[in-house]
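Only one structure is covered here, and it is reproduced in the block below.
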Amino acid sequence: MIKEYRTIEEVAGPLMLVRDVENVKYDELGEIELPSGETRRCRVLEVDDRNVLVQLFESSAGINLARSKVRFTGSGVRLGVSRDMLGRVFNGMGEPIDKGPRIIADELSDINGASINPAARAYPDEFIQTGISTIDGLNTLVRGQKLPIFSGSGLPHANLAAQIARQAKVLNSDSQFAVVFAAVGISFEEADFFITDFKKTGAIDRTVLFINLASDPAIERIATPRMALTAAEYLAFKCDMHVLVIITDITNYAEALREVSAARKEVPGRRGYPGYLYTDLATIYERAGRKLDSEGSITMIPILSMPEDDKTHPIPDLTGYITEGQIILSRDLNRRSIAPPVEVLPSLSRLKDKGIGQGKTREDHSGVMNQLFSNYARGKEAKELMVVLGEAALTETDRLYARFADEFEAEYINQGFHTNRSIEETLDIGWKLLGIFPKGELKRIKPEFLDKYYKAAE
């Protein structure tokens with residue numbers, strides 16, 4: 001029999017103190033029954049002898065300390081999972097908001113799933129095609145990888161997230177591909193954009209959406225990414241699907257964590273964020289990967305907007321330590337209407353070499369990638385010199401590199417948010433741009449590939 005308590009002593013923001021309770025465990029789910037009969041959910045955050053501190057999932061408004069009742073369910077927060085989740089839209093707590101029926105769950109899973117044991121991990125080495133040249137050609141995404149996108153306020157990361165969700169697929173594989181999309185702390189307009197875009201393009205059929213709005217309680221923001229990963233783990237490791245998890249915006253998640261930490265009067269760390277921010281982010285990111293005994297996998301693209309475009313801010317800084325690279329969006333490229341505005345040179349995919357080459361993408365991929373990086377970097381330097389010294393002071397070769405940088409941005413980077421390029425198209429565009437140079441300038445490509453693919457620009 002579930003015991004009820006009328007011993008609520010204090011409510012402070014998203015936290016509530018309940019005294020004289022028995023046999024209650026950390027992370028246990030509770031229910032608060034208001035005098036009106038309305039029920040709200042909470043989660044045990046701290047146990048001190050017979051007193052417990054709980055987090056409220058909904059607003060604390062209207063909770064009468066003397067007349068409200070609290071009961072604990074004996075289990076943690078769980079999500080009912082099933083293949084029927086595909087094509088559905090849920091709120092941050094896993095409840096359907098698309099006017100469809102409730103999911104008949106195959107099983108109930110605790111949302112605080114464990115990270116994958118390093119000894120049980122399979123090494124990521126399969127190419128995922130996103131259809132975006134700056135990712136596929138230069139900062140390749142590999143199945144099982146964690147590759148964040150570092151954005152800034154006002155940059156079009158929502159459009160890029162929707163494009164990846166629409167276009168991504170694993171090449172040379174018979175396994176089904178699914179997308180789990182978690183929107184954390186977004187506006188109603190953004191939520192409407194994602195839902196409408198996915199329905200219009202048909203991507204909704206292979207997608208599970210979890211939408212947490214900015215107006216929802218902070219504590220729900222903390223649960224949303226874990227709800228999404230629980231659904232992804234079921235689809236990947238029980239249904240043998242390749243699952244791409246996109247979470248936007250991790251910064252909103254961290255802000256909610258800071259809010260709860262401040263309410264608990266914890267000693268703050270950098271910029272007021274809790275000292276355990278690194279560990280907490282790792283509990284999300286490390287749930288991605290491949291398992292040795294499973295055909296399925298979870299590949300993760302967390303998106304975070306850097307406050308004041310600061311890469312040293314705690315959220316991007318700690319994320320960079322845990323994940324395998326980063327895609328950085330450029331405010332300058334966006335100002336010049338280049339879309340998607342991916343800043344190629346500081347972006348990095350640490351696993352790109354493992355997912356490209358013969359049998360995965362194309363034999364010339366590695367050489368073309370390195371040559372494009374090299375020539376673009378030199379072209380940017382030539383353009384900077386041109387600003388200081390004037391074009392007349394540059395050598396003929398430097399002018400060639402400056403021209404390449406302009407054409408590379410205009411043709412390779414600037415593909416728009418609705419163009420889906422195959423890896424062959426991406427590599428062919430790279431070769432076309434490299435045709436600006438004489439063969440002697442292309443020192444990073446093997447001679448046999450130069451003979452096979454090189455064609456001088458007309």
Side-chain angles (χ1 to χ4, degrees), residues 83 85-90 98 126-143 145-149 151 155-184 186-187 189-211 225 228 231-232 235-236 241-249 288 296-304 327 329 334 338-342 347 349 355 361 412-426 429:
R83 286 182 76 106
M85 298 179 83
L86 290 167
R88 300 295 304 275
V89 184
F90 303 88
D98 56 1
E126 288 181 55
F127 172 71
I128 289 184
Q129 180 175 288
T130 65
I132 300 166
S133 292
T134 45
I135 297 177
D136 294 349
L138 303 174
N139 296 289
T140 309
L141 179 65
V142 179
R143 187 163 75 91
Q145 185 178 4
K146 308 176 287 290
L147 186 63
I149 293 173
S151 183
L155 292 180
H157 49 264
N159 301 69
L160 182 58
Q163 184 177 16
I164 293 171
R166 285 195 309 268
Q167 298 177 178
K169 63 179 180 179
V170 178
L171 293 186
N172 310 317
S173 174
D174 298 329
S175 300
Q176 288 180 283
F177 192 88
V179 176
V180 176
F181 194 99
V184 182
I186 64 171
S187 65
E189 287 78 13
E190 283 181 294
D192 186 58
F193 163 74
F194 286 126
I195 295 169
T196 303
D197 185 86
F198 289 174
K199 286 182 176 177
K200 183 173 68 178
T201 60
I204 190 75
D205 295 336
R206 63 167 190 173
T207 305
V208 185
L209 269 82
F210 290 86
I211 303 286
L235 294 172
M241 300 178 79
H242 299 323
V243 184
L244 176 64
V245 177
I246 300 174
I247 305 173
T248 180
D249 183 330
S297 63
I298 297 176
T299 306
M300 187 185 294
I301 299 182
I303 298 172
L304 55 94
I327 304 294
L329 300 191
N334 185 60
I338 291 175
V342 175
S347 296
S349 171
T361 53
Y412 194 94
I413 299 177
N414 186 29
Q415 69 175 76
F417 290 115
H418 297 281
T419 302
N420 186 359
R421 291 177 179 166
S422 68
I423 186 60
E424 287 80 12
E425 287 177 89
T426 289
I429 292 169

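Computation of the quantities below employed the complete heavy-atom set of this structure, encompassing side-chain atoms and omitting hydrogens, waters and symmetry-equivalent molecules.
One N or O on the side chain of Asp98 and one on the backbone of Val89 form a donor-acceptor pair closer than 3.5 Å. A donor-acceptor pair is defined here as one N or O able to donate and one able to accept, closer than 3.5 Å; no such pair exists between the side chain of Gln129 and the backbone of Thr361. A side-chain donor-acceptor contact under 3.5 Å links Asp136 to the backbone of Gly131.
Scanning all heavy atoms of the two residues, the minimum distance from Pro225 to Val184 falls at CG-CG2, 4.1 Å. The two residues Ser151 and Leu155 come nearest to each other via the heavy atoms OG-CB, 3.4 Å. Gly137 approaches Tyr412 most closely through the heavy-atom pair CA-OH, 3.5 Å. For the pair Ile211 and Ile186, the tightest heavy-atom approach, listed with the atom from each and the gap, is CG2-CD1, 4.5 Å. When all heavy atoms are compared, the tightest approach of Ala178 to Leu235 is CB-CD1, 4.4 Å. Minimum interatomic distance between Asn334 and Pro341 (heavy atoms only, all atoms of both residues): N-CB, 3.7 Å.
Put simply, CZ on Phe127 and CD on Gln145 are 11.5 Å apart, with the number rounded to the nearest 0.5 Å. To the nearest 0.5 Å, atoms CZ (Arg83) and CE (Met241) are separated by 5.0 Å. Remark: Thr419 OG1 to Gln163 CD distance equals 7.5 Å, nearest 0.5 Å. In this structure, CE in Met85 is found 12.5 Å from OG1 in Thr207, a value given to the nearest 0.5 Å. Separation of atoms CG (Leu244) and CE (Met300) is listed at 10.0 Å; rounding is to 0.5 Å. Taking CG of Leu171 as the reference point, atom CZ of Phe177 lies at 10.5 Å (rounded to 0.5 Å).
Looking only at side-chain heavy atoms (C-beta outward), Leu147 and Ile327 come within less than 4.5 Å of each other. Using a 4.5 Å heavy-atom threshold, the side chains of Gln415 and Glu425 count as separate. Contact check for Ser347 versus Thr134: no side-chain heavy atoms found under the 4.5 Å cut-off. Thr299 is not listed as a side-chain neighbour of Val245, based on a closest heavy-atom distance of 4.5 Å or more. Between Leu141 and Ile301, some side-chain heavy-atom pair lies under the 4.5 Å cut-off. Contact of the Leu209 side chain with the Ile204 side chain is registered, since non-hydrogen atoms from C-beta on lie closer than 4.5 Å.
Shown are Thr130, Ile132, Ile246; of these, the side chain to side chain contact (heavy atoms under 4.5 Å, CB included) with Leu160 is made only by Ile132.
Between the side chains of Thr201 and Arg166, no donor-acceptor pair of N or O atoms lies under 3.5 Å. A donor-acceptor contact closer than 3.5 angstrom is absent between the side chains of Thr426 and Arg421.
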Any chance you could lay out the side-chain contact (heavy atoms from CB on, under 4.5 Å) test for Ile128 and His242, step after step, and finish with the verdict?
CA-CA 10 Å; Ile128 289 184; His242 299 323; over 6 Å; no
Checking Leu138 against Val342 for the side-chain contact (heavy atoms from CB on, under 4.5 Å) test, could you report, in this order, the C-alpha distance in whole Å, the side-chain angles of both residues, the deciding distance, and whether it holds?
CA-CA 11 Å; Leu138 303 174; Val342 175; over 6 Å; no
Evaluate the side-chain contact (heavy atoms from CB on, under 4.5 Å) criterion for residues Ile149 and Ile164: first the C-alpha distance (whole Å), next the side-chain angles of each, then the deciding distance (0.1 Å), finally the verdict.
CA-CA 11 Å; Ile149 293 173; Ile164 293 171; 3.9 Å; yes
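Between Phe194 and Phe181, the ring-plane angle classifies as tilted under the 30° and 60° cut-offs.
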